[in-house]
Amino acid sequence: GAVYNASGLYAGAGNSFAAARFYFTSNKQTAGLTIQPKSDNAVENIHVYHNSGAKKQWFTATAVYTATAADAGKPLYLNLESKRNIATALVAFDNIKVDRCPMTTTTTTT
């Protein structure tokens, strides 16, 4: 099937440790995070430490998904998830893009 490549930048948006995830799903993600990821690569748990004295640094996040025949005509969602609790900052995302690579076909002649 077609291959979907997503990439984007992320950075800590506060003065402490930040955690986030960047991945594809087949439905809109729920508040309880019950929709399973569809990414080919492991869903990266992004950890960013940023303190107020450090220069802001941007890093690249990626996600890849190879569609199957069962995916035909169905939506695909890219999730930018930033986890926050009392001890963590948020993660900021920027310059997000998704590219669809065409399916490759093999022709055999006899």
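Worth knowing before you read on, the calculation uses all heavy atoms, side chains too, and leaves out hydrogens, waters and symmetry mates. This structure is a prediction, so every number in the text was calculated from the model and none was measured. Throughout, numbering of the chain's residues begins at 1 and tracks the sequence.
The shortest non-hydrogen separation linking P37 to T25 is CA-CG2, 4.0 Å. Looking at every heavy atom in both residues, N5 comes nearest to C101 through ND2-SG, 3.2 Å. Shown here for I96 and G8, the closest heavy-atom pair between the two residues is CD1-CA, 3.5 Å. In this structure, Q29 and Y23 approach most closely via the heavy-atom pair NE2-OH, 2.8 Å.
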For Y4 and L78, run side chain to side chain contact (heavy atoms under 4.5 Å, CB included): C-alpha distance rounded to whole Å, both residues' side-chain angles, the deciding distance at 0.1 Å, then the answer. CA-CA 10 Å; Y4 296 86; L78 179 63; over 6 Å; no
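Neither Y77 nor L80 shares a network with the other; the hydrophobic side chains, linked directly or stepwise wherever heavy atoms of I, L, V, M, F, W or Y lie under 4.5 Å apart, form separate groups for each.
The salt bridge (Lys or Arg N to Asp or Glu O under 4.0 Å) analysis of residues 64-73, with sequence neighbours excluded, yields the pairs K38-D71. Identified under the side chain to side chain donor-acceptor pair (under 3.5 Å) test for residues 90-99, with sequence neighbours left out: none.
Every side chain to side chain contact (heavy atoms under 4.5 Å, CB included) that T30 has, sequence neighbours left out, goes to T34, I35. Residues passing the side-chain hydrogen bond (donor to acceptor under 3.5 Å, both in side chains) test with Q36, sequence neighbours excluded: none.
With contacts defined as side-chain heavy-atom distances shorter than 4.5 Å, the pair F22/Y10 does not qualify. Counting heavy atoms from C-beta on, the side chains of L9 and T60 come closer than 4.5 Å.
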